Participant: 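The structure is given below, and queries will be raised subsequently.
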There are 2 protein chains.
Amino acid sequence: MEQSVRVKLDAYKELVRKIKSYYESLALMYWDLRTGAPRKGAEVRAASIGVLSTEMFKLQISSEMEEYLQFLMQPDVFHTLSEIDQKSLKESKRQFDLSKKIPPAKYQEYTELTTYAETVWEEAKEKADFAMFEPYLKKIVDMLQEFIEFWGIKGTRYDTLLDMYEPGITVEKLDQVFGRLRDRLVPLIEKVQKASYVPEAGFLNQTFPKQQQDEFGRFILREMGYDFEAGRLDETVHPFETTINSGDVRVTTHYYENDVASALFSTLHEGGHALYEQNVSKELSATPLGEGTSMGIHESQSRTWENMIGRSRSFWKRYFTDLQKHFPEQLNGITVDQFYEGINKSENSLIRIESDELTYNLHIIIRYEIEKMLFNENLSVHDLPKVWNEKYEQYLGISPSHDGEGVLQDVHWAGGSFGYFPSYALGNMYGAQIMNTLRKEITDFESLLEKGELHPIKEWLTDKIYRHGKMLTPSEIIMQVTGEELNPDYLADYLEEKYTEIYKL
Amino acid sequence: MEQSVRVKLDAYKELVRKIKSYYESLALMYWDLRTGAPRKGAEVRAASIGVLSTEMFKLQISSEMEEYLQFLMQPDVFHTLSEIDQKSLKESKRQFDLSKKIPPAKYQEYTELTTYAETVWEEAKEKADFAMFEPYLKKIVDMLQEFIEFWGIKGTRYDTLLDMYEPGITVEKLDQVFGRLRDRLVPLIEKVQKASYVPEAGFLNQTFPKQQQDEFGRFILREMGYDFEAGRLDETVHPFETTINSGDVRVTTHYYENDVASALFSTLHEGGHALYEQNVSKELSATPLGEGTSMGIHESQSRTWENMIGRSRSFWKRYFTDLQKHFPEQLNGITVDQFYEGINKSENSLIRIESDELTYNLHIIIRYEIEKMLFNENLSVHDLPKVWNEKYEQYLGISPSHDGEGVLQDVHWAGGSFGYFPSYALGNMYGAQIMNTLRKEITDFESLLEKGELHPIKEWLTDKIYRHGKMLTPSEIIMQVTGEELNPDYLADYLEEKYTEIYKL
């Protein structure tokens, strides 16, 4: 490599590390706000976050970054670089373009709008008053429509948004896979709802002291292979995973003393996200590639650990006695089969985050269809509640009694995150497809679960997915691991088999 | 105010707020490292701290800062500004000069040297091997001698260092007050050591479960008036107080299950620092004046709450029954007088941080005399252990068996903090002098303590000291509050009275 290239490449890498240092401080400030920062420091904290975010943003779109990218991405220079450097540059370029194409004043206006809109949304949800939130949401949609023009329309307008969260995913593809999934799940859910056999789940809602829930959660995280020397578990109102740096991947959960399942499965869920982040190859740590490749692949891992492993019969054959030891009175006389059925009981509910593994995907498909209508089909924000309620009636046979449990239930739109929801269902589909391959390659998968030997499973996932970080795109991962494109039938097959058995259909 | 002045003043204030945002992120990253950040993230964290510190340093000595200071401190502009703005500018100028006078390469070298020296010191202390640490310490002293030239010599060379921690304090002043203090304490300590009556303290070293210690510590912090909505208490190896922002003032403690006094008094100590920081006037929050005025005044508050209040008989007349309720078995049959005597037992010890209220000051005076010899009297670093041991023999009648419990015991010198130690004894003297005035103005002081009515005491201290932040210098505070200059006799009188009574001299 020529000296001039080496100098520019080193300067580029140093700038990336600098941006990562800002990112680390911001991630920690957010984590701290949610885990126990004192109330009276929150206002100054918000201002400090604002200052450091702005500084980070300036670095991302700086003239230095522009210069390095231009120089290093010239074809005759670029081809002399390593694969990691090439992909790092492409990722930096992608982020640079996304930010740089929006005029700074517009970006500032949008940031302030969404920050304020979240506060309005909170109150509107509380009061079930969509009209209160409507003007803000309309403005957000209008600004995003404008941003789509700046970013450039790929396929349809909504494709531009989808691509930000799941590179390569399009409306065309989602229409196909979600359509297929919907067509297979709607009749299955109908059968489940009409089934004469209904699992008992009442025993999950006794009093389960926080302390023992916490101990069991830590035990399960260790069993999964979560490294407590590179992370920690805390309690927050809403559970999340956050990567502070490559050696510091934190998870949180929320304990309800009247519900043993909630914290348990959110711990498994966030633990799945964390396993992914903890096992990205260390050679990517200082690059823009040192994290999960997309929201969809990330959700595939959280939902695999939460559901396909964590809500499986084999898993509980091994761990139910441990859970019973933590709650000997509460779970006295409950069999592992009763427990398994209890944690998999399906009910058509109005609230996405409370929904079960079977109906969850329909909540996502509804949101996808609505977002697509907003951006591609001129649905007006004003008509959102009406469309929302119709779709819930159509797909789940139920309808919200007010917008607080309907169109206002999620924060995502208030924050401008249109195009994000599909990731959740993509995650379920990716997960089922990946697990299908895993079961073929690790033929004693069920017996490993029954013995609590989770290590080979984690290692397989690390080898196929985790270690690659952003070196592979979501579709490259799926093709490499499973040998075919995204195929919704694996998820439908899995759910059909599981629920047919549980509900004796 | 002219428009041009207003514009520059606003720009200056924004720059100050920006620097404070960096400070906040750094303070949080340090706090997090000490309270539970995972081990494997520490290396990247250290690098991120390095990046953000450098950015903050650059802002502090930036050409913008220089321009604002030059413009706003022109006499005809300066006199039009408010008192707060004037004092803010002076403080920014002081910090600017301190940093700007050192060539950046030297500063970088010094930072790396002291960072590495702390690691060497740790091992050297462990191995009681002064020779191992000596070359690093010599280099640090040499560099500081060079820095003193850059900063400019005020009085003697060592004065330049003293002034950084305690503005206005000089060798001349310290020689006088420490000489007087030493002359009064040495004979008192001799009498105490020879006293036939010796308090019993063994009951303090039973098993005291952490959980109850923590509960009692939180109770006492609330009683003092520590605001848990503007702070939090955590456990660390070494207790400390840190101001994350004006509404977020955190304390830590360390629990030893075989010692009920350690965590209790370090909680009171750090709580004293925190009361000061929590009660600085909010109108100073966004300025460089929004913190305690000096190390010495800060220590006066921590040590007043720890010792003059926290180790007083009246305080325990109120709170001992509460402590007993937390440890009914361990403290069964112990009277409040026995407890009072136990926590005030004096023993000549080799280790500063384990020493009692009476002998503590001699540990500081020894360090002061040695630092002065190093910087003003050509004592060579090589001879430090010899001088150290001689002085311990002379003042306390004991001598270390190895350098690990002698000259290597404290981290301060490895970090280059020469001139810092005197603050601790200054704090004790300031504290006694301030409390002398407080007792005159709050005439029912003892009965307030006995009733646990600590609020009026906190309010008095807030009015006289806390709210002013850096608006007043240490000597202005002492003059305004007590009507005279620093006078060591108040501390000597207080200790004489207290220990004469306890030891029945």
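Order of the sequence lines fixes the chain letters, A, B, ..., with proteins taken first and strands second; residue numbering starts at 1 for each chain. Because the structure is predicted, anything quoted here is derived from the model rather than measured.
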Participant: Against chain A, label B:Leu28 side chain, backbone, both or neither, depending on which of its atoms sit under 4.5 Å from a heavy atom there.
Facilitator: both
Participant: When only pairs under 4.5 Å are counted, which of A:Arg39, A:Lys20, A:Arg17 shares the most heavy-atom pairs with chain B?
Facilitator: A:Arg39
Participant: B:Arg45 versus chain A, heavy atoms under 4.5 Å apart: side chain, backbone, both or neither?
Facilitator: both
Participant: Are side-chain N/O atoms of B:Glu257 and B:Thr207 paired as donor and acceptor at under 3.5 Å?
Facilitator: no
Participant: Pairing donors with acceptors under 3.5 angstrom, does anything connect the side chains of B:Gln278 and B:Tyr466?
Facilitator: no
Participant: If you count heavy-atom pairs under 4.5 Å between each of A:Leu26, A:Leu52, A:Ile49 and chain B, which one has the most?
Facilitator: A:Leu52
Participant: Heavy-atom pairs under 4.5 Å with chain B are the metric here; pick the option from A:Thr54, A:Asp32, A:Val51, A:Val249 that has the most.
Facilitator: A:Asp32
Participant: Of all of A:Ser246, A:Ala286, A:Gly247, which one pairs up most often with chain B through heavy atoms under 4.5 Å apart?
Facilitator: A:Gly247
Participant: Using 30° and 60° as the class boundaries, would you call the ring planes of B:Phe219 and B:Phe216 parallel, tilted or perpendicular?
Facilitator: tilted
Participant: Got a salt bridge between A:Arg467 and A:Asp463, using NZ or NE/NH1/NH2 to carboxylate O under 4.0 Å?
Facilitator: yes
Participant: What I want to check is whether the side chains of A:Ser285 and A:Glu283 have a donor and an acceptor closer together than 3.5 Å.
Facilitator: no
Participant: What part of B:Glu55 is in contact with chain A, defined as an atom under 4.5 angstrom from a non-hydrogen atom: side chain, backbone, both or neither?
Facilitator: side chain
Participant: Is B:Tyr23 in contact with chain A via its backbone, its side chain, both, or neither, using a 4.5 Å heavy-atom distance?
Facilitator: neither
Participant: Short question: side chain of B:Glu235, backbone of B:Tyr255 - any donor-acceptor pair under 3.5 Å?
Facilitator: yes
